[in-house]
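Order of the sequence lines fixes the chain letters, A, B, ..., with proteins taken first and strands second; residue numbering starts at 1 for each chain.
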2 protein chains.
Amino acid sequence: MTAIARLMRERDLKPGDRLPAEALLSKELQVSRTVIREALRSLAALNLVRLGAGRRPTVAELDDGAFSLMFEHGVVTDQIDIQQIYDARRTIETRTAALAAMRRSEAECRAILSHAQAMEDQLDHPDAVMEHDIAFHIAIARASRNPVFVLIIGAFQGITRQTWPIGWKSRASDDERRAMNALHMKIAESIAAGDPKASSTLMGEHFDQSIKALLNAGLI
Amino acid sequence: MTAIARLMRERDLKPGDRLPAEALLSKELQVSRTVIREALRSLAALNLVRLGAGRRPTVAELDDGAFSLMFEHGVVTDQIDIQQIYDARRTIETRTAALAAMRRSEAECRAILSHAQAMEDQLDHPDAVMEHDIAFHIAIARASRNPVFVLIIGAFQGITRQTWPIGWKSRASDDERRAMNALHMKIAESIAAGDPKASSTLMGEHFDQSIKALLNAGLI
DNA sequence: TGTAGTAAACCTGTATGACAGGTTTTCGAA
DNA sequence: TTCGAAAACCTGTCATACAGGTTTACTACA
C-alpha cells in the first residue's frame with residue numbers, strides 16, 4: 001500500500017488520473033497480484049483511489065466516507081459519545097459559518113437559503129427536513145472554501161442521521177420546530193449579508209439549542 | 001467489509017475483542033477467503049481492526065493514522081493547501097486549549113508543561129523541539145477529553161512534520177524562537193491555572209504567529 | 001497442584017491458476 | 001469520418017498450496 005501511495009506521489013497523479021493495472025503493478029513491485037489487490041482495497045477504503053470492475057484504478061477526489069466510518073466506529077465501540085461529536089461540530093461550524101459569510105458566492109447563498117426554506121416548507125416530512133438540514137450544513141462548509149472542514153463536517157452526517165430524528169421528536173411542539181427552522185433562516189440570511197460575526201453567533205445558538213434538545217431526549 | 005463491520009456492531013465488540021478467523025468468516029458470510037482478506041485489509045486501512053500474522057483480527061482503538069493519510073493525500077493531490085490546514089487547526093485548537101483548562105488532570109498539566117519546558121531546553125536541537133511541539137498539542141487535545149479532537153489533531157501531525165522545519169527556519173533569530181517557546185509556556189501555565197479564556201486566546205495568538213512564519217517562508 | 005516445555009491445532013500472508021463478466025481499444029466496413 | 005464488432009485488457013471471485021507465526025492443550029516434573 002505504501003509503495004502504491006508513493007508511486008502516486010512520484011508520478012504527480014491527480015484525481016481522475018489512472019494508475020497502472022493490477023497485473024502491471026504486480027510486475028513493477030515484484031509481488032503477486034493478491035498483494036496488489038489487497039493494497040488497492042486498502043487505498044480504496046481510505047477513498048484515496050477508486051476501483052471499478054473492468055476499469056483501472058483511478059486517483060480519487062477527497063471524500064468523507066472513510067472519515068464517516070471511523071467516527072461511527074468510535075461511537076459504536078463506545079470510544080466517542082454524542083456530546084463530544086456535537087461539541088466538535090459546534091467548534092467547527094461556528095467557524096465555517098463565519099468563513100462562508102466572507103467567501104460565499106451568490107449561487108452558494110441561494111443554495112443555503114433554499115435548504116433553509118425547504119426545511120420550513122416541509123415541516124410535515126421530517127425525513128426531508130433532515131436531508132435539507134444536513135445539506136444546509138454541508139453547503140455552508142463548502143462556502144467556507146476549506147476542504148478540511150468540508151471533510152470533517154461531511155463525516156459527521158452518518159451520526160447526524162441517527163441522532164437527528166431523536167432531537168426532532170424531543171422538541172415539544174411544531175412551534176419549537178419552526179423556531180429551529182427560523183434560526184436556520186437567520187443563519188442563511190446573515191451569511192448572505194456577509195456578516196461573519198452574526199453568522200458565527202447564530203450558528204453557535206443553533207448548536208446550543210440542538211444540544212439542549214438532545215439532552216432533553218436523554219441522548220447525551 | 002460492510003458485513004464484517006455489521007458483525008462487529010451486532011456482537012457489541014469493543015477494542016481488543018477478537019473477530020472470528022478468516023476461515024470462519026468465509027463460511028459464515030458464504031464468500032471465499034480472498035474476499036474476507038480484502039475486506040479485512042480495508043478495515044485495517046481504516047484502523048478499525050488490527051491484523052497480525054498468526055493472530056485473529058481484533059477490534060482496534062481509534063487511531064489517527066488513517067485520517068493522517070487522507071489529509072496528506074489531499075495535500076499531495078493539491079486538494080488541500082497548508083493555509084487551510086492551519087485555519088482548521090487554529091479553530092479546533094483554541095477550543096481544545098479552553099477545554100483542557102477546564103478538564104485537565106494534574107498529571108496532564110505536568111505533561112503539557114514538561115513538553116513546553118523541553119522545547120525551551122533543547123533549542124539547539126530542532127528535531128527534538130518539533131517532536132515536543134507536536135506532543136504538546138496532542139497532550140492538550142487529550143486533556144480536552146474529546147476524542148474527536150484528539151483524532152483530528154493527531155491526524156495533522158504528518159503535515160506538521162513537513163511544515164514545521166520551514167516555519168522554524170523562517171524565524172529570524174533564536175530570540176524569535178524563544179519567544180515562540182515562551183508562548184507555549186504561557187499556554188501551559190494558563191491551562192494549569194484553569195483559565196479557559198486565556199488558554200484559548202493564547203493558543204489563537206500562537207497560531208497567528210505560526211501562520212505568519214509560514215507566510216514569511218512562502219509556504220502559504 | 002502448579003509450572004514449564006513441546007507438539008498439535010489454529011491462523012495469517014503470499015503465490016498461483018482458473019474463469020466469469022465488465023471496460024477499453026482497435027480495426028474494418030460503410 | 002463514424003459506427004459497430006471483435007479482440008485485448010481489466011477486475012472480482014474462487015480454490016488450492018505452502019511457509020511461517022500464534023495459541024491451545026497436554027504431559028512431565030517438582
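- At least one donor-acceptor pair under 3.5 Å links the side chain of B:Q157 to the backbone N or O of B:G154.
- Looking at A:R33, its side chain has no donor and acceptor atom pair within 3.5 Å of the base of C:dG17.
- You won't find any donor-acceptor pair under 3.5 Å spanning the side chain of A:R41 and the base of D:dG12, going by distance alone.
- Residues B:F156 and B:Y86 place their aromatic rings such that the two centres sit no closer than 6.0 Å.
- Phosphate contact (OP1/OP2 of C:dT24, side-chain N/O of A:R55, threshold under 4.0 Å): present.
- Distances shorter than 4.0 Å separate some side-chain N or O of B:R37 from OP1 or OP2 on C:dG13.
- Computed from coordinates, the B:I36 CD1 to C:dT12 P distance equals 10 Å when rounded to whole Å.
- In terms of position along DNA chain C, the nucleotide closest to B:G54 lies nearer the 5' end than the nucleotide closest to the other residue of the pair A:T34 and B:G54.
- When rounded to the nearest whole Å, the span between CG of B:L40 and C1' of C:dC11 equals 12 Å.
- Between the P atom of D:dC10 and the NZ atom of A:K27 lies a distance of 9 Å, rounded to the nearest Å.
- Relative ring orientation between A:W164 and A:W168 is described as parallel, the plane-to-plane angle staying below 30° on a 0-90° scale split at 30° and 60°.
- Separating the CG atom in A:L25 from the CG atom in A:L19 is a distance of 6.5 Å, to the nearest 0.5 Å.
- Between A:E22 atom CD and C:dT24 atom C1' the separation is 16 Å, expressed in whole Å.
- Protein atom CZ of B:R50 is 14 Å distant from nucleotide atom P of C:dG13, rounded to whole Å.
- Side chain of B:A21, nearest nucleotide from D:dT11, C:dT12, D:dC14: C:dT12.
- Straight-line distance from the CG atom of A:L24 to the P atom of D:dC10: 8 Å, rounded to whole Å.
- Between B:Q30 and A:A53, it is A:A53 whose nearest contact on DNA chain D lies nearer the 5' terminus.
- Computed from coordinates, the A:L25 CG to D:dG12 P distance equals 13 Å when rounded to whole Å.
- Between A:R56 and C:dT23, a side-chain N or O to OP1/OP2 separation shorter than 4.0 Å is absent.
- With hydrogens and angles ignored, the 3.5 Å screen pairs no side-chain donor or acceptor of A:S26 with any backbone N or O of A:E22.
- Atom CD in A:E38 sits roughly 13 Å away from atom P in D:dT13 (whole-Å rounding).
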